[in-house]
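Within every chain, numbering begins at 1; the chains are lettered A, B, ... in the order of the sequence lines, protein sequences first and strands thereafter.
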Amino acid sequence: MELAAERHGDMLLVRVAEPRIDAAIAIQFKEAMRELVADGAPRVVLDLAPVGFLDSSGLGAVVAVRKSIGPDRRLELAALTPAVARVFRLTRMDSIFTIHPATPGPEPTANRQAAPAAEASLPDGADEA
Amino acid sequence: MKPEPVLAKRPAGAPRHPPDDPAAAGRAGAAGRGHGTTALQASRAPALQAPHCPDAGGRVPQTCSGTLRITLPATETGVRRGLAQVFAALRQGVLAGAVARDAAQGQAGAAEPVPQVPQSACDRIELVLAEALNNIVEHAFGPEPPAPATESRGVTAPGLIALDLSAGAAQLHCTIRDAGRPMPDGQAPAGRPQDIDAAADLPEGGFGWFLIRRLTLDLCYVREPGCNRLSFVIPLSAEDPPRPHGL
């Protein structure tokens, strides 16, 4: 489970370096996230740019992390790929999370390539017309 | 070493994933992203033939062109590898025969169009199959799936899942069989939308069957003697199926 966390002021930016968050890895993801968010940052941003696939287990894990950090802290999502955005849209979880088109804050150099692609693919809404 | 999923017949030149490289599944699944379409082009690779269809009473089906059969161990990593094989086969045009044939109907004399499956349809296939297969891993075979058994001829052995795909011009027909426990009440779950209005008590599960039903047509579950059989159709359109009433 590859997660990289950077603290920028109030924000903990967690970059997921996995191509998939699925049933095979959801529990590990949840546990790794719980350790990372234990630093108490009021705002946690999960950068999902490299994640090309997320299933219902992955979605459940993200929801579990949100619940575990409590109501006084925020879990936000960033740079969703189209396949991941669709799962959030179909389950209406896109109404629960703040979703940023691209990774906020200081742009990590390694993410320069991923951000524009994610931006172009953001919530299209067309599928749901 | 865990056995990798068995492809009924691998086309010449088809790459094999290293048996114990979990990253291979992810790479294979990610490959092809970023393009508007995935090539289901009419390659001249030999069409896969299902050598034996136990659900057809042991008869060898008359028409196997454009079909793909994969048998995978009922484990989460088995599902990953199985999906990687599905997409490797799709990219190699394994199902293209049926797609091209159907697409050409009504266009006699016209050059065969090159079938293109939109990336969003590929994503839909991957999501639906992952949900259906992982449900079997979790619920039909329990939290600790039995060690994958060897496949006996024509029978889905315990701990194995058989996945049959056949492509038409606009749809992918899927049949999944396993010898695990039957679904509760002999029915596939209704997959109702989760109530997410109570922010303090968000559901962490129960999305799988909602997604399966939302993205498929003609879903049918039958408990056959000792065997679950789930079939459905995945549209290959860019847009998702219309939202059913009440969903």
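- Screening residues 16-35 of chain A for ring pair (Phe, Tyr, Trp, His ring centres under 6.0 Å) gives no qualifying pairs among residues at least two apart or on separate chains.
- Using a 4.0 Å cut-off between a side-chain N of Lys or Arg and a carboxylate O of Asp or Glu, Glu126(B) and Arg20(A) qualify as a salt bridge.
- The two atoms that bring Leu202(B) and Lys67(A) nearest to each other are O-NZ, 2.5 Å, heavy atoms only.
- For Glu18(A), there are no salt bridge (Lys or Arg N to Asp or Glu O under 4.0 Å) partners, not counting sequence neighbours.
- Of the inter-residue distances, the one linking Met93(A) atom CE with Gln194(B) atom CD reads 7.5 Å to the nearest 0.5 angstrom.
- Under a 3.5 Å cut-off, the side chain of Glu131(B) and the backbone N or O of Ser56(A) do form a donor-acceptor pair.
- The closest side-chain heavy-atom distance from Phe207(B) to Val87(A) is not below 4.5 Å.
- Separating the CG atom in Asp123(B) from the CZ atom in Phe53(A) is a distance of 9.0 Å, to the nearest 0.5 Å.
- For the residue pair Ala64(A) and Glu204(B), the shortest heavy atom distance occurs at CB-OE1, 3.2 Å.
- Across every non-hydrogen atom of Pro203(B) and Val63(A), the tightest pair is O-CG1, 3.5 Å.
- No more than 12 heavy atoms of other residues, nucleotides or ligands shown are found within 6.0 angstrom of CG on Asp185(B).
- In terms of modelled atom types and a separation under 3.5 Å, the side chain of Arg86(A) and the main chain of Asp240(B) share no donor-acceptor contact.
- By the 6.0 Å contact criterion, CD1 on Ile27(A) is open, its count of non-hydrogen atoms from other residues, nucleotides or ligands being 12 or less.
- Interatomic distance, CG of Leu54(A) versus CG of Leu127(B), reported as 8.5 Å (0.5 Å rounding).
- Taking CG from Leu129(B) and CG from Asp55(A), the interatomic distance works out to 12.0 Å, rounded to the nearest 0.5 Å.
- When side chains are defined from C-beta on, Leu90(A) counts as touching Leu215(B), because their heavy atoms get closer than 4.5 Å.
- Rounding to the nearest 0.5 Å gives a distance of 3.5 Å between OG of Ser95(A) and CD1 of Ile196(B).
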